[in-house]
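Data block below; observations after.
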2 protein chains.
Amino acid sequence: MTPRPPTPPAHPAGAPDPSGSDRDDLRRRNLAAVLHAVHLRDGSTRADLTRETGLHRSTVRALVAELVRAGIVTEDLAAPSGGVGRPSPRVHATDATRVLTLHPELDATHGALVGLGGRVLARARVPHDAPPTPDDALAAARELRDRLAPTGPLRGVGVAAPGLVDRRTGNVVVAPHLGWRDVPLGPLLAAALDAPVTVDNDANCGVVAEALFGAGRGARAVVYLNGGASGIGGSAADGGVLTVGAHGFGGEIGHTLVRSDGHPCHCGADGCLETEVSRARLLAALGDVPASELEPTLARVVAARPSTALAEIDRQLGYLGVALRTVVNVLNPERIVLGGFLAALVRTRGTAALDAHLARALPGARDDARVVTAALGADLLAVGAAQLVLRDVLADPLSTGR
Amino acid sequence: MTPRPPTPPAHPAGAPDPSGSDRDDLRRRNLAAVLHAVHLRDGSTRADLTRETGLHRSTVRALVAELVRAGIVTEDLAAPSGGVGRPSPRVHATDATRVLTLHPELDATHGALVGLGGRVLARARVPHDAPPTPDDALAAARELRDRLAPTGPLRGVGVAAPGLVDRRTGNVVVAPHLGWRDVPLGPLLAAALDAPVTVDNDANCGVVAEALFGAGRGARAVVYLNGGASGIGGSAADGGVLTVGAHGFGGEIGHTLVRSDGHPCHCGADGCLETEVSRARLLAALGDVPASELEPTLARVVAARPSTALAEIDRQLGYLGVALRTVVNVLNPERIVLGGFLAALVRTRGTAALDAHLARALPGARDDARVVTAALGADLLAVGAAQLVLRDVLADPLSTGR
DNA sequence: GTCGATTTGTTGTCATGCAAAACATATTAG
DNA sequence: CTAATATGTTTTGCATGACAACAAATCGAC
């Protein structure tokens with residue numbers, strides 16, 4: 001394969017950009033198809049890959065050989081599969097493809113090293129005494145890079161930022177809790193770490209992770225709603241690809257109208273979902289228990305007799321249902337993945353209240369929608385942020401990424 | 001290119017579509033790239049095509065030659081372009097690629113014959129005395145086929161149905177105004193007309209048409225809202241591709257909550273956009289003028305002193321703004337295309353009321369959104385329905401479609 | 001155990017589709 | 001009229017995936 005210039009960034013997702021393809025593109029696409037299959041199911045046999053790609057045995061052999069030569073995958077000759085015929089070697093992703101992920105938060109910046117298949121290889125965190133400034137975040141990023149990946153190649157850096165992000169430029173338009181406005185985080189980090197950087201909203205990272213490796217696995221359209229300390233983040237994906245509009249600002253289901261005479265929201269509007277459904281109000285209704293005690297307390301309240309606390313639980317679930325009805329009508333998701341305290345609400349109180357609202361969505365859409373709780377735990381954002389970088393790696397496996 | 005068997009249906013049901021590509025795929029993709037460019041801009045020069053596809057001159061020459069041989073395009077040697085250098089022949093789509101489109105409505109079934117480039121070659125309609133039953137629609141379809149395309153090949157049939165449609169199966173889940181429930185319109189028409197049939201919701205057809213050839217041209221994410229006699233239809237697309245969820249039931253912005261204490265909607269919920277914003281209420285406020293007089297009457301009312309009618313106009317625009325704020329937060333569109341009486345409202349009263357609401361959407365998304373009125377007229381649904389079929393033609397130009 | 005059936009790996013050959021090179025042609029600028 | 005420029009045309013080369021033929025490894029039947 002002829003060496004090509006800096007690798008054009010894979011097609012800006014979604015656009016049916018039917019540009020022509022040369023033979024290198026063909027090879028690249030087939031390498032990508034093979035590696036993608038390994039990414040989604042590590043340890044696939046070469047015969048599996050032949051079936052999944054539809055390519056010829058000899059072609060798959062050559063493609064895998066090239067990936068082996070590049071050090072991206074290995075072939076495992078011990079293959080005691082269960083079937084007639086000559087056994088097929090299993091193909092495993094190596095740890096050579098490594099992505100650094102970053103997630104700046106109020107009290108700390110979290111880092112992780114993630115490989116193909118969404119495998120988290122290492123984790124670390126840099127605590128912050130005060131909300132980090134952009135400079136603090138850059139310093140934390142350098143430290144995390146040095147601790148997690150002091151040597152060896154890094155295919156890229158994926159950042160899950162708690163705010164509105166222009167995913168094409170890596171610009172953080174606003175991150176309310178951090179107090180950031182118009183911070184070109186992507187370019188800053190790219191310069192600081194000397195590596196390709198992808199920045200996206202944390203909810204966007206979350207939905208991609210859940211869609212590919214979590215509770216949304218196998219579903220087409222997936223909606224993700226996360227209940228956090230400071231609000232409700234949301235995002236949407238279809239087939240593992242974000243469906244969040246022109247600049248990726250969409251998916252903000254937390255600011256759906258649920259109540260005409262509702263309280264003013266910090267966003268400037270009134271009656272948003274996240275003014276009616278909030279962790280703070282829930283904790284208050286539960287008697288100001290600490291956030292760590294939320295779910296056990298919810299379980300106790302639900303098990304006991306009706307109470308004002310239970311009324312608050314049901315009130316919040318009711319408004320969540322109102323928002324979800326609109327969301328189902330507009331997005332027709334197959335899965336609605338709830339995280340954070342929203343998941344705790346549903347796990348302890350059930351989905352009956354939500355289902356009652358969803359039953360009033362339009363026919364068709366209401367029959368597709370299923371409410372589930374998030375399956376990925378603490379690694380959610382790391383897996384999602386890594387996937388944003390890995391998508392480019394998968395699209396062009398042999399590019400060096402530099 | 002080796003003659004391939006009857007062209008495997010786009011996605012052989014069941015088998016996960018093979019992700020690998022052979023050389024035939026390469027050729028097909030490049031033919032598709034060339035034809036797509038001609039589809040979007042008829043009369044492109046071969047040099048244009050070379051630039052747009054990124055392929056080599058000699059390759060484009062071969063590809064165009066193959067399309068000419070297949071009778072899909074012609075080359076126009078008279079090319080008085082304006083620039084230095086040898087003139088490049090223009091490439092035009094022929095009328096050999098023809099799609100029959102159908103749009104069943106209460107009083108008539110509309111038909112059209114549409115070619116590449118969204119060119120409407122002919123129109124016809126079959127009136128109905130009473131709301132058409134599925135059988136009536138089939139009979140009308142046969143008549144329209146015989147009148148519009150008595151001879152010659154037909155690449156497919158595209159149907160814009162006024163109701164909820166499972167676009168994958170061609171099943172009309174429910175069409176309230178026609179009184180249909182669970183009508184397998186796609187298979188029925190395919191059998192009746194002996195041609196490949198694609199069925200989709202009329203709003204979905206509308207957004208595709210406006211996105212590719214109308215007011216959404218050039219924008220990525222486009223939202224479409226059409227105000228009709230019986231409600232508000234909506235849909236969304238990104239890059240000309242529908243973003244309407246798992247089964248295509250999404251985009252129903254007409255049933256977004258805009259008022260907690262609103263009237264009950266026929267959909268079963270309360271306070272939907274289309275219960276607050278409706279043509280019937282508007283016409284009533286204007287003194288029961290006929291629908292055909294809507295826009296002139298609106299213009300008169302707006303020009304005159306404030307009145308109760310003007311108040312109703314502003315009330316409706318206000319609720320529309322409420323819905324659009326939610327939509328902007330969730331979908332981050334670049335264009336919001338309004339059709340029907342919604343367009344009339346905006347044309348006569350302006351977008352100030354809407355803009356005030358949109359200004360309260362989240363930063364980022366609110367700056368992307370621009371409200372415009374539909375640019376395509378009566379041919380809207382024909383162009384959109386045809387595009388649904390043409391997409392397959394463009395993906396594999398040399399397949400016969402039969 | 002041995003043999004046949006089956007599946008997959010391996011190797012060498014072939015066909016094909018795109019790019020590159022070299023030449024030809026048509027238009028504009030001066 | 002000449003030079004510059006852009007594009008068309010033709011030929012050649014090469015990369016790549018399919019295919020065919022053979023080899024190897026496993027299972028099941030007897």
Side-chain angles (χ1 to χ4, degrees), chain A residues 1-5 18-34 44-69 73-91 396-398, chain B residues 1-5 8 18-34 44-69 74-91 396-398:
Chain A
M1 189 151 151
T2 54
R4 288 175 321 112
S19 252
S21 316
D22 59 13
R23 276 172 334 203
D24 280 358
D25 287 326
L26 182 62
R27 183 64 156 186
R28 202 169 319 128
R29 288 162 53 83
N30 286 339
L31 284 167
V34 167
S44 293
T45 67
R46 226 154 75 188
D48 290 336
L49 300 177
T50 301
R51 270 184 295 273
E52 280 176 53
T53 58
L55 299 169
H56 194 269
R57 274 180 294 174
S58 58
T59 306
V60 172
R61 171 188 143 77
L63 292 167
V64 171
E66 192 155 357
L67 292 174
V68 169
R69 215 175 314 132
V73 303
T74 55
E75 277 190 306
D76 170 4
L77 286 158
S81 78
V84 250
R86 178 172 174 172
S88 191
R90 294 186 178 284
V91 181
D396 189 4
L398 298 187
Chain B
M1 187 150 153
T2 54
R4 288 178 316 114
S19 45
S21 315
D22 58 17
R23 277 188 332 264
D24 278 359
D25 286 326
L26 182 62
R27 183 65 155 185
R28 202 167 327 147
R29 288 164 56 82
N30 286 341
L31 283 166
V34 167
S44 294
T45 67
R46 225 154 75 188
D48 291 335
L49 300 177
T50 300
R51 270 183 296 273
E52 281 177 53
T53 58
L55 298 169
H56 194 270
R57 275 182 293 176
S58 56
T59 306
V60 172
R61 171 188 142 78
L63 293 167
V64 171
E66 191 154 359
L67 292 174
V68 169
R69 216 175 313 131
T74 55
E75 277 190 306
D76 171 3
L77 285 158
S81 79
V84 216
R86 177 171 175 173
S88 192
R90 296 188 177 281
V91 181
D396 189 4
L398 298 186

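Order of the sequence lines sets the chain letters (A, B, ...), proteins ahead of strands, with each chain counted from 1. Worth saying up front: this structure is predicted, and the values here are computed from it rather than measured. Every heavy atom of this structure was used, including side-chain atoms; hydrogens, water molecules and symmetry mates were not.
- A close approach under 4.0 Å does not occur between any side-chain nitrogen or oxygen of B/R61 and OP1 or OP2 of C/dC18.
- Listed candidates were D/dA23, C/dC18, D/dT16. Nearest to the side chain of B/L26 is C/dC18.
- Side-chain N/O atoms of A/S88 include none lying less than 4.0 angstrom from OP1 or OP2 on C/dT8.
- B/R61 pairs by the side-chain hydrogen bond (donor to acceptor under 3.5 Å, both in side chains) definition with nothing, not counting sequence neighbours.
- Partners of B/D25 under the salt bridge (charged side-chain N to carboxylate O under 4.0 Å, His left out) rule, at least two apart in sequence or in another chain, are B/R28.
- Place A/H56 and B/A47 on DNA chain D by their nearest nucleotides, and B/A47 ends up nearer the 5' end.
- Look at B/R29 and you won't find any side-chain N or O under 4.0 angstrom from OP1 or OP2 of C/dG17.
- Checking the phosphate oxygens (OP1, OP2) of C/dA15, no side-chain nitrogen or oxygen of B/R23 falls inside 4.0 Å.
- Phosphate contact (OP1/OP2 of C/dG17, side-chain N/O of B/N30, threshold under 4.0 Å): absent.
- Contact annotation: A/R57 side-chain N/O to C/dT8 OP1/OP2 distance is not under 4.0 Å.
- Close to D/dG17, at under 4.0 Å from its OP1 or OP2, lies a side-chain N or O of A/R27.
- Base engagement by A/S58 is indicated by at least one non-hydrogen atom pair under 4.0 Å involving a base atom.
- Distances shorter than 4.0 Å separate some side-chain N or O of B/R51 from OP1 or OP2 on D/dT7.
- A straight line from CG of B/L55 to C1' of D/dT7 spans 16 Å, rounded to a whole angstrom.
- Considering only side-chain atoms of A/P89, the nucleotide from C/dT28, C/dC18, C/dG9 that sits closest is C/dG9.
- DNA chain C is contacted by both B/G85 and A/R46; A/R46 maps to the nucleotide lying nearer its 5′ end (nearest heavy atom per residue).
- Taking the side chain of B/R86 as heavy atoms from C-beta on, and the options C/dA24, C/dC18, C/dG9, the nearest nucleotide is C/dA24.
- For the pair B/D22 CG and C/dT16 P, the computed distance is 13 Å after rounding to whole Å.
- Nearest heavy atom pair, residue A/T53 against residue A/A33, reads CG2-CB, 4.0 Å.
- Remark: A/E75 CD to A/T45 OG1 distance equals 10.5 Å, nearest 0.5 Å.
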